[in-house]
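Letters go in sequence order (proteins before strands), and every chain restarts at 1.
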Protein chains: 2
Amino acid sequence: MKRKITLKQIAKELDVSISTVSKALRNSIEISEDTRQKIQAFAKLYNYRPNNIALSLKNRKTKTIGIIIPEIVHHFFSKVITGIELVANKRGYNVIVGLSNESFDKEVINMQMLANGSIDGFILSIAKETLQQQDYHHFTETINQGMPIVMFDRVVNEIPCDKVIVDDVKGAKEAVEKLITNGCKNIAIITTKDYVSVGRLRTQGYLEALEDHKINAKSSLILKIEDKLMSDDHIDKLENEVEQLFESNKDIDGVFAVNELYAVTAIKVARKLGLKIPNDLQVISFSDGVLSRHSTPSITTISQHGQAIGEKAANLLINRLEAEEVDYDDETEEVYETVVIETNLTERESTK
Amino acid sequence: MKRKITLKQIAKELDVSISTVSKALRNSIEISEDTRQKIQAFAKLYNYRPNNIALSLKNRKTKTIGIIIPEIVHHFFSKVITGIELVANKRGYNVIVGLSNESFDKEVINMQMLANGSIDGFILSIAKETLQQQDYHHFTETINQGMPIVMFDRVVNEIPCDKVIVDDVKGAKEAVEKLITNGCKNIAIITTKDYVSVGRLRTQGYLEALEDHKINAKSSLILKIEDKLMSDDHIDKLENEVEQLFESNKDIDGVFAVNELYAVTAIKVARKLGLKIPNDLQVISFSDGVLSRHSTPSITTISQHGQAIGEKAANLLINRLEAEEVDYDDETEEVYETVVIETNLTERESTK
DNA sequence: TTGTAAGCGTTATCAC
DNA sequence: GTGATAACGCTTACAA
């Protein structure tokens, strides 16, 4: 078992100085053709690779990006990671992942672990608990320490950083308009509590669409789910709530769900109650994943393009990281970007 | 914007030496109560945290685990990551993720990027392309350099490392036996090409189950899919192949699918052909995710417990990492463990 | 009780 | 053309 070889060892073996080896390997013209060749050959033989950690310490940058997301077992988030990883790798960065599990404490701890030198910047989506408590000091702190953050999907305006979001209001509006156009008269929405920004905005889009078409919103048709994490218990609870919704509103003929799981649940419950889809009930969902595509009936969706979001976020972050190097942290007023990724409607079997 | 504070700065501010600061912060009894208090207060005020990179360099270990998986947009793999992250965090480790995208080259490059000091060990599942080419030099090399690897799910025996697998043969057998017990006479299998070990083993389990029940296996009932990555094109192709299978074997009354997607596809195609589930056709799938649980009909599965696999893999790796510290790399014959995680049958609507 | 110095692996500056 | 030295931030013998 040969341990990884270092400059020092090469230097000793070849009886030259460390700096000579370093220069030779970086092809410095300072070094004679001869020694260069010799050193490079030796290094190749022993499969020398510079130690990343040493480089990170020296350069005060790690070339790695920290990702903090609420959970990873979720198509949207894993798509985003795929996108981030794609451009990160292309641009020479690694990706280190922390999961907050929707918990404020875990989010804080994870960020602290990574912020102490392990990474150059964050890409993150905020935990529900954090959104609820509205305690964002850990974000402002890391930003104040000069570590840039890019937020995506679940963002909060007051934090000065780049953001990548989808136009939730517009997407929701489009979905509901589709239902209206398709003849739905009593459209329910299954959404999250308002402190989750995407839920709130999609609810807003729903309301706006109704208003635009002079339809009165009925509060009984608006079901706001309290969901922390989707455990089995929560799923049972979800089903009950949805069943309640249908039972007390027999005339529902359209459902707009803010995520796939809600949509699938709505369909399941509706079927149990004997409703035919899409004839008796049409369903559209905001979505990110396989569920809508592969379930039967497949579900018409407003798709979020998670991978595109990830790619954009990574590019924003890396651009900022590499820009910092140039302008010697002068006190120019930093200006942050909020990029909106377009959604689009994919029609499948759950609508007419 | 205050940059992260260092020992050096604290030392200067308080007019003591760096080592005094270091010791004071680590609560060394060498330092007088007085200065200790003073230094700790100051450090707290400025929110001092030791720089991870410097620690990694000093300690020659990073306390981070490298994960290399084929893809992340996949419930099984993201569950595994969840499991790894859970125990890694609990034991003070971080997790850095690289995706091979099923490509040999990306797997090699990703491992090289990480092996140069960024991590202490790997947890990985082998890319299909690598399995196909049977080129495992990158694994043996990193192991030879003293960096431990734990493989899971897609493993290869000749590599000396710990492994975490499910008992694919047994699980498959159980699935097929269930179908037989439920009265199926013509059971088809939808599996992968044989170079994917899990596919091969599950196929083997299928064959064994048939044999045990004195049923002759028919090659026309064995559909081996060539899948690299599930792009849209591949999915269309998959549907065609499955349709072919049903068309040319009208008497199929049971399907054992080695993964969810194949199962969902089988159901979709079967319905298109007018088959009722589970009356005309029963389906069981190896599985990892939401699809089987939330699709309609929900699918009876052999579940893989991805999270448990991840937890076990992380524990094996960290145990090995922390054991190494003790036995001063003496040449004791290393002995590696292969842990088998039990599967279990979850009955849902796709079987009687 | 406090400080000095070496070392982790690298690169950059400057001297020879 | 080559080498010594300092520095990145930290810990830890060893001195003082």
- Item | Side chain of B/T35 (C-beta onward), nearest among C/dC8, D/dC10, C/dT2 | C/dT2
- Note on the structure: With the side chain defined as heavy atoms from C-beta on, B/S32 is closest, among C/dT2, D/dC10, C/dG9, to C/dT2
- Item | Rounded interatomic separation in angstrom, taking CG from B/N59 and P from D/dT11 | 8 Å
- Message: Test of understanding: with side-chain hydrogen bond (donor to acceptor under 3.5 Å, both in side chains), list the residues that count as partners of B/N51, not counting sequence neighbours.
- Response: none
- Side-chain ion pair, B/K63 and B/E322, N-O less than 4.0 Å: yes
- Item | Among C/dG9, D/dT11, C/dA12, the nucleotide that comes nearest once only the side chain of A/R26 is considered | C/dA12
- Item | Residues in side-chain hydrogen bond (donor to acceptor under 3.5 Å, both in side chains) contact with A/Q133, at least two apart in sequence or another chain | none
- Item | Pairing string, 5' to 3', for DNA chain D - Watson-Crick or wobble contacts under 3.5 Å, brackets [ ] where pairs cross, | to another strand | ||||||||||||||||
Mind listing the side-chain donor-acceptor pairs of residues 150-157 of chain A below 3.5 Å, one per line with the distance, residues two or more places apart or on another chain?
from: A/R154; atom 1: NE; to: A/I126; atom 2: O; distance (Å): 2.9
from: A/R154; atom 1: NH2; to: A/E102; atom 2: OE1; distance (Å): 2.5
from: A/R154; atom 1: NH2; to: A/E102; atom 2: OE2; distance (Å): 3.0
from: A/R154; atom 1: NH2; to: A/I126; atom 2: O; distance (Å): 3.1

Using nucleotides 3-6 of chain C, report all nitrogen or oxygen pairs with the protein that are shorter than 3.5 Å.
from: C/dG3; atom 1: OP2; to: B/S17; atom 2: N; distance (Å): 2.9
from: C/dG3; atom 1: OP2; to: B/S17; atom 2: OG; distance (Å): 3.4
from: C/dG3; atom 1: OP2; to: B/T20; atom 2: OG1; distance (Å): 2.6
from: C/dG3; atom 1: N7; to: B/S19; atom 2: OG; distance (Å): 3.3
from: C/dG3; atom 1: O6; to: B/K23; atom 2: NZ; distance (Å): 2.2
from: C/dT4; atom 1: O4; to: B/S19; atom 2: OG; distance (Å): 2.8

- Residues forming a side-chain hydrogen bond (donor to acceptor under 3.5 Å, both in side chains) with A/S78, sequence neighbours excluded: none
- Item | Of the listed nucleotides D/dG9, C/dC8, C/dT11, the one nearest the side chain of A/K8 | C/dC8
